[in-house]
Number of protein chains: 2
Amino acid sequence: MSLTEAKQHPDTRERILDAAEALFVEHGFEATTMRMITGRAGVNLAAINYHFGSKEALIQDVFRRRLTWLNEERLRALERFEKEARGAPLKPHQIVEAFFGVSLRMAADTEHGGHTFMRLLGRTYTEPSAFVRQFLADEYAAVVPRFKQALFRSLPDVPPEEILWRFHFMLGAMSYAIAGTDALQLVAEHELDEKDPEALSRRLMPFLLGGLRAPLAGQAVKTKEKSPRKAA
Amino acid sequence: MSLTEAKQHPDTRERILDAAEALFVEHGFEATTMRMITGRAGVNLAAINYHFGSKEALIQDVFRRRLTWLNEERLRALERFEKEARGAPLKPHQIVEAFFGVSLRMAADTEHGGHTFMRLLGRTYTEPSAFVRQFLADEYAAVVPRFKQALFRSLPDVPPEEILWRFHFMLGAMSYAIAGTDALQLVAEHELDEKDPEALSRRLMPFLLGGLRAPLAGQAVKTKEKSPRKAA
DNA sequence: GTATCATTCAAACGGCCGTTTGAAACGAGC
DNA sequence: GCTCGTTTCAAACGGCCGTTTGAATGATAC
């Protein structure tokens, strides 16, 4: 009874997932040891293998816990817009909003770990480990084709291949934006004002749309001409 | 003499740097072991500690070997434009060309390892390891303020803070673009055509410029609503 | 109480890590 | 030839890795 003063164990699994998530962001998968995780979580070393089976399985569960919901939410947002449109092609800003807006909203949640997770996710797109990449590919299998198709319909004048590249560029911009302050300090030696995450969305979304709808590089843009400002 | 048929050792240091560079891209710093590096380089395990002192020092030398030149080249390109301009502010596309064009040109060099290095560099912006981040900050100390100043002058109507963020977004887009095919396969399950690196430049530069010059989010760009939310 | 199941624990396992060592091999100058 | 400084080599070092074990503990139902 009174022997254990703070020993309460409010779901060992969850404590481990939280600790692992934070440590993976800080140090990466390989550099994060089981002893670091269990130490931070305040549980026994063997708890990871007992509850998850292996370190690899733990990594996958860290992603599954939030990524499944995130992708479902992305699809729900897209479908909401498509319902509104009644069969008409969506506007680019709607598609961008459905995919990246949902992500940024999760990144804005600093209370329940959404921010930490989105940083991890951004870091992981470039993660080379084979099994992680395979895992991500599976998790995205349901959502990516839907957004590709929506973009193709939305921008019929842009070659599909070009659209895929720009989608990729947008992913990169967002990931850096969220992984954020770390790399940013390279650019701005002093803290860039607030952590206000809604502000990030206000900054990032125009950039993404500007890039997505930029004129194609059909011919050299370099000439002295005055870059024909095309109105949307 | 004829005893050694293929034993020729064309600079052990260089062989180690090449092997390490490639392996760091594939597996990350932590997951790449000295034995993997020396094995691939065909040199003795102790050679790394003999020639570089430690694994950490090797990592730094891998970067120094190319990054110093890259940043000097970036500065040279910027200064060339500034000389042309005779004191007038540069055009955004010139600044972007000076910074990112040089990078993309190095990424286009698949013969001498420039491509491998740029992939590593992109991966490393999000690298959390403290000493790597500190090292990068030092290496960029000479070049970043120059480009910041050029951008501020080039876009006097855009708040400096906004410019820094957009520079950051551009960095992210480029890094993903170069780190490239790996994360891209998430989006395009089949190979995206060529590896032609000049094509990447043709695709990326319009995107970057479109993002950089996108209208601010001050007011809604879209006709529908005015997004009355305003705090700042 | 006793039996049953899930969970926690301290301790140990083999294996690979980055690094060090001392001797062997090499090469240039004489 | 020999010397001397540089480079390579096989072998070993202590230490930490992810995982496993078997016993202790807790909770639940009878």
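Below, read A as the first sequence line, B as the second, and so on, with proteins coming before strands; counting in each chain starts at 1. This one's a predicted model, so the numbers in the text were calculated from it and none came from an experiment.
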### Task
In sequence, state the C-alpha distance, the side-chain angles, and the governing distance for A:Phe99 and A:Phe167, and then conclude on side-chain contact (heavy atoms from CB on, under 4.5 Å).
CA-CA 10 Å; A:Phe99 192 93; A:Phe167 189 64; 3.9 Å; yes
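- At C:dA10, one or more side-chain N or O atoms of A:Asn44 fall inside 4.0 Å of OP1 or OP2 (strictly under the cut-off).
- Each of B:Lys55 and B:Ala46 lies near DNA chain C, and the nucleotide nearest B:Lys55 is the one positioned closer to the 5' end.
- When the side-chain nitrogen and oxygen atoms of B:Thr12 are compared with OP1 and OP2 of D:dT7, none of them lie within a distance under 4.0 Å.
- Between the CD atom of A:Glu30 and the P atom of C:dC17 there is a distance of 11 Å, rounded to whole Å.
- Contact annotation for B:Thr32: backbone-only contact, meaning every heavy-atom pair under 4.0 Å involves sugar-phosphate atoms and none involves a base.
- Rounded to whole Å, the distance from CZ on B:Arg35 to P on C:dG18 is 7 Å.
- We find that CG of A:Leu45 is positioned 10 Å from C1' of D:dC17, with the value rounded to whole Å.
- Taking atom CD1 of residue B:Ile37 and atom P of nucleotide C:dT19, one finds them 10 Å apart after rounding to whole Å.
- Using a 4.0 Å cut-off between a side-chain N of Lys or Arg and a carboxylate O of Asp or Glu, A:Arg64 and A:Asp61 qualify as a salt bridge.
- Atom P of nucleotide D:dC17 and atom CE of A:Met34 are separated by 11 Å, given to the nearest angstrom.
- If you run salt bridge (Lys or Arg N to Asp or Glu O under 4.0 Å) between B:Glu97 and each of B:Arg105, B:Arg74, B:Arg80, only B:Arg105 comes through.
- For the pair A:Ile48 CD1 and D:dT19 C1', the interatomic distance rounds to 11 Å; values are reported in whole Å.
- Taking both residues in full, the closest heavy atoms of B:Ala142 and B:Leu75 are given as O-CD1, 4.2 Å, listed atom of the first, atom of the second, then distance.
- In this structure, B:Arg13 places its CZ atom 15 Å from P of D:dT6, rounding to the nearest Å.
- Residue B:Tyr50 contributes atom OH, which lies 12 Å from atom P of D:dG5 at whole-angstrom precision.
- The pair A:Glu21-A:Arg65 meets the salt-bridge criterion, with a side-chain N (NZ, NE, NH1 or NH2) lying under 4.0 Å from an Asp/Glu carboxylate O.
- Between D:dC16 and A:Thr33, no contact under 4.0 Å exists linking OP1 or OP2 to a side-chain N or O.
- Dashed line: the shortest gap from a side-chain N or O of B:His51 to OP1 or OP2 of D:dT8 is under 4.0 Å.
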